[in-house]
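Not measured: the values here are computed from a predicted model. Position 1 is the first residue of the sequence; numbering continues from there.
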Amino acid sequence: EDAMHAYEKACKQNPEDPIVFYYLGRSYQARCLYEEAISLYQQAINLQNDHVDSYHKLAECYAAQEVYEKAIAAYEKALTYQPANYWGLSA
């Protein structure tokens, strides 16, 4: 809970930092708040198109929601930036 509030504050202070959005997304994802997490991972990707970790977490959220087409697309996008990445290859 404290971490989530800290990241929310950091997002307001650093709206151009994809890492802050990524970690806030992880906080929401850990609470099974997938829609919020998806939005945050998308923001991280919008700020840094090759943010592979955000694509992985985005795929996990979609898979948890059983939206497998979007999960696969997110994994495939991650692989375009890191072709030898074990996450995408094992998904």
Side-chain angles (χ1 to χ4, degrees):
E1 187 76 22
D2 290 338
M4 189 162 50
H5 290 300
Y7 287 126
E8 287 172 344
K9 183 178 177 182
C11 279
K12 291 176 185 171
Q13 294 174 341
N14 302 298
E16 300 298 318
D17 187 350
I19 303 300
V20 175
F21 286 98
Y22 169 75
Y23 281 109
L24 182 56
R26 287 186 60 149
S27 295
Y28 277 97
Q29 184 180 1
R31 289 167 180 74
C32 298
L33 299 171
Y34 298 117
E35 288 300 319
E36 293 85 347
I38 287 169
S39 176
L40 291 160
Y41 294 137
Q42 297 271 11
Q43 289 180 57
I45 290 166
N46 288 340
L47 291 168
Q48 183 182 333
N49 196 41
D50 65 346
H51 198 267
V52 174
D53 292 335
S54 288
Y55 286 111
H56 291 156
K57 292 298 186 181
L58 185 62
E60 288 177 5
C61 288
Y62 285 133
Q65 294 180 318
E66 299 181 357
V67 183
Y68 299 115
E69 300 82 23
K70 289 185 177 184
I72 291 168
Y75 280 126
E76 288 176 341
K77 192 68 172 179
L79 285 172
T80 65
Y81 295 108
Q82 284 186 347
N85 190 296
Y86 71 94
W87 277 100
L89 294 172
S90 65

Donor-acceptor list for residues 13-23 side chains, cut-off 3.5 Å, not counting sequence neighbours:
from	atom 1	to	atom 2	distance (Å)
Asn14	ND2	Ala10	O	3.4
Asp17	OD1	Ile19	N	3.0
Tyr22	OH	Arg26	NH1	3.1

Side chain to side chain contact (heavy atoms under 4.5 Å, CB included) assessment of Leu79 paired with Tyr75: CA-CA 6 Å; Leu79 285 172; Tyr75 280 126; 5.6 Å; no
Going from CG on Leu24 to NE2 on His5, what distance comes out if it is rounded to the nearest 0.5 angstrom? 10.5 Å
Taking the side chain as every heavy atom from C-beta outward, state whether Met4 and Glu8 have any pair of such atoms under 4.5 Å apart. yes
Residues in side chain to side chain donor-acceptor pair (under 3.5 Å) with Gln48, at least two apart? Asp50
Using side chain to side chain contact (heavy atoms under 4.5 Å, CB included) as the criterion, list what pairs up with Ala37, not counting sequence neighbours. Tyr28, Gln29, Tyr41, Cys61
Partner residues of Asn49 under the side chain to side chain contact (heavy atoms under 4.5 Å, CB included) criterion, sequence neighbours left out: Ile45, Tyr55, Tyr81
Just how far is it from atom CG of Leu40 to atom OG of Ser27, taken to the nearest 0.5 Å? 9.0 Å
Donor-acceptor pair, Ser39 side chain versus Glu36 backbone, under 3.5 Å? no
Donor-acceptor list for residues 64-73 side chains, cut-off 3.5 Å, not counting sequence neighbours:
from	atom 1	to	atom 2	distance (Å)
Gln65	NE2	Glu35	OE2	2.7

Value for NZ (Lys77) from NE2 (His51), rounded to nearest 0.5 Å, stands at 15.0 Å
Set of residues satisfying side chain to side chain donor-acceptor pair (under 3.5 Å) with respect to Tyr34, sequence neighbours excluded: none
